[in-house]
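Below is one structure; the comments refer to it alone.
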Amino acid sequence: MAEKVLMKGNEAIAEAALRAGCRLYFAYPITPQSELIEYMSKMMPKVGGTFVQSESEIAAINMVYGASGCGKRVMTSSSSPGISLKQEGISYIAGASLPAVIVNVVRGGPGLGDIQPAQGDYFQATRGGGHGDYRTIVLAPSTVQEFADMAPLAFDLADKYRIAVLILSDGLIGQMMEPVEFQPAKTDEELEELGRQHESWCMYPNEDEPNHHHHIINSLELDPHVLSDLVLNLEKKYNEIEKNEIRFEEYNISPDNEIVCVAYGTAARITKSAIDELKKEGKSIGLIRPITLWPFPTEEIKKAVHNNVKKVLTLELSLGQMIEDVRLALEGKVPVEFIGRVGGLVFSPEEVKAKIEEIL
Amino acid sequence: MEIIATRPKSLTKAQFTYCPGCTHGISHRLVAEAMDELDMRNKMMGVCPVGCSVLAYNFFDCDMAEAAHGRAPALATGMKRARPDMHVFTYQGDGDLLAIGTAEIVHAANRGEHFSVFFVNNAIYGMTGGQMAPTTLPGMKTSTSPYGRDEQDIGYPIRACELLATLEAPYYIERVSLLSPQHVLKAKKAVYKAMKFNKEERGFTFIEFVSTCPTNWGMEPMKAFEWAKENMLPFFKLGVFKDKSVEEEGK
């Protein structure tokens with residue numbers, strides 16, 4: 001077993017990305033993700049990779065577009081206001097079907113907001129975020145270990161589906177130190193193989209190739225019938241992802257549950273503490289923790305909310321965004337209650353426990 | 001019979017979609033000829049802008065990427081950093097490069113990125129129907145400056161070459177024009193030089209073409225050339241603004 005090291009979430013995701021074969025990283029500094037860009041600036045030259053501190057988040061995501069168009073594993077990261085700037089590029093990446101990994105260490109908003117943990121970017125992340133009809137895969141970690149494990153997962157999913165994968169962390173998971181164990185780094189042979197996997201479509205000029213090719217990376221199509229087909233093809237891909245890639249955790253789900261909670265990321269950690277406390281008092285509360293926010297575990301939530309469940313409680317560090325997906329999943333089967341905190345504030349396990357007791 | 005001029009290999013057989021009398025055909029050809037002459041096509045990646053040349057990926061016969069408006073230098077940075085063994089160029093217009101993409105071009109030039117930028121300046125937004133550009137001349141009427149560009153209200157045109165030449169990193173910056181056969185021959189030399197420096201990995205190279213837009217200027221092509229000579233060249237002076245090869249080679 002590999003050694004466990006104590007690391008901040010932001011550094012752990014950077015290290016895990018390098019091990020996953022990321023050799024190009026473009027970003028702009030912003031709190032609370034600065035340790036990530038700093039780690040990359042220090043470590044990328046040591047593995048022979050490329051680090052560029054760009055002039056803006058817009059430039060960074062477009063550098064990602066260029067490098068990804070060459071078939072390379074490439075990443076950028078930011079926090080909420082910077083992710084808003086990247087939306088232009090994310091839409092183009094979706095239109096051109098390019099693989100890319102984007103980390104959002106979410107902070108309080110709207111506007112400049114603050115630099116504390118929040119979950120107010122759920123709508124932006126799960127509804128595409130930029131203009132046009134598209135999706136990105138959204139992964140939401142709740143521990144530093146899971147944050148790190150999501151780097152190789154995100155790159156694999158991005159490569160498999162030629163899609164942007166967003167890792168939706170927050171200021172708490174980014175800044176917190178926890179023990180983390182890394183997956184082994186890709187070998188040179190594996191990296192070489194990764195480099196070849198996109199040759200059928202990516203830009204790869206090759207002097208020695210006998211048949212000259214003309215690969216174009218593009219999201220423009222002026223013929224509405226052709227564009228319609230392209231977008232419908234994207235839909236097929238999204239349907240495939242919804243079929244294959246839903247990830248979630250069940251915590252204390254049982255036929256005894258009177259209440260089932262739904263929470264992700266930091267909110268789910270706190271909910272687990274409250275559930276443990278209530279368990280000691282003989283109360284059976286379950287939790288569904290979506291790990292993929294898109295695709296959303298709709299059927300899984302429906303299944304967990306069996307006939308004995310009286311109420312569902314959604315817990316978010318926002319005014320209530322995921323709750324819309326929970327309600328859509330349950331189709332009015334049971335009342336869906338909500339507890340939220342905004343402005344970078346976080347609810348305590350005691351507050352969650354009190355809320356559960358109130359609605360029991 | 002001897003063939004003395006033919007379609008460059010670096011252009012596809014697709015028919016240009018530009019207006020009659022437009023100079024994009026000439027600047028496309030100059031870039032493609034340089035790619036041919038320097039045998040760079042099989043190692044070349046290009047970036048198209050948003051603007052009239054948005055479909056240039058159909059014309060240049062090498063791997064191409066289509067950028068969001070103004071972002072071509074950022075894409076090119078990502079491409080060149082991903083494939084340092086290959087060559088990269090961008091082809092951009094005045095709205096793309098000097099308005100929405102000002103940050104991207106200044107910082108790519110400032111980093112001394114190893115690619116070539118071909119910048120077409122015709123003082124107007126062509127594709128969207130003739131709106132005012134950052135290079136529209138004072139007093140010039142466009143569809144969004146119907147009373148003429150008022151420099152007191154909206155400022156003076158920006159000179160790209162002079163702006164970028166203040167930076168330390170760029171290797172070669174020259175402004176040429178496409179307004180007469182003599183000008184085109186000079187432009188051909190400049191494009192060749194930029195592409196040669198590109199091939200030799202010398203650094204950031206930038207060529208501006210002072211061009212015309214007969215359609216949106218509302219002029220016949222020949223009249224547009226004359227108008228540009230009289231009005232654009234006094235403001236956008238032709239010449240070399242930076243050439244580090246002169247210092248390096250002690251010429």
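Keep in mind that this is a model prediction, so the values were computed, not measured. All chains are named by letter (A, B, ...) in the order of the sequence lines, taking the proteins before the strands, and each is independently numbered beginning at 1.
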Mind ranking Lys43(B), Lys80(B), His87(B), Arg111(B) by heavy-atom pairs under 4.5 Å with chain A and telling me who comes out on top?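 Sorted descending by pairs with chain A, the first entry is Lys43(B).
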Name the member of Ala65(B), Pro84(B), Gly46(B) that forms the most heavy-atom pairs with chain A at distances under 4.5 Å.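 Maximum pair count with chain A is reached by Ala65(B).
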Does [X] [atom1] have over 12 foreign heavy atoms under 6.0 Å away?
| X | atom1 | answer |
| --- | --- | --- |
| Gln197(A) | CD | yes |
| Leu153(A) | CG | yes |
| Leu112(A) | CG | no |
| Lys9(B) | NZ | no |
| Lys193(B) | NZ | yes |
| Asp133(A) | CG | no |

Quick one: [atom1] on [X] to [atom2] on [Y], what's the gap to the nearest 0.5 Å?
| X | Y | atom1 | atom2 | answer |
| --- | --- | --- | --- | --- |
| Met45(B) | Tyr204(A) | CE | OH | 13.0 Å |
| Glu66(B) | Ser219(A) | CD | OG | 7.0 Å |
| Met64(B) | Met203(A) | CE | CE | 9.5 Å |
| Cys62(B) | Ile216(A) | SG | CD1 | 9.5 Å |
| Asp61(B) | His214(A) | CG | NE2 | 5.5 Å |

Residues of [range] near chain B, each having a heavy atom less than 4.5 Å away:
| range | value |
| --- | --- |
| residues 39-53 of chain A | Thr50(A), Val52(A) |
| residues 80-91 of chain A | Glu88(A) |
| residues 67-76 of chain A | Ala67(A), Cys70(A), Lys72(A) |
| residues 13-38 of chain A | Leu24(A), Phe26(A) |

Tell me, do [X] and [Y] make a side-chain contact under 4.5 Å, heavy atoms counted?
| X | Y | value |
| --- | --- | --- |
| Asn110(B) | Glu55(A) | no |
| Pro205(A) | Asp63(B) | yes |
| Tyr57(B) | Leu220(A) | yes |

Heavy-atom distances under 4.5 Å only: say whether Arg83(B) touches chain A with side chain, backbone, both or neither.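 Side chain only.
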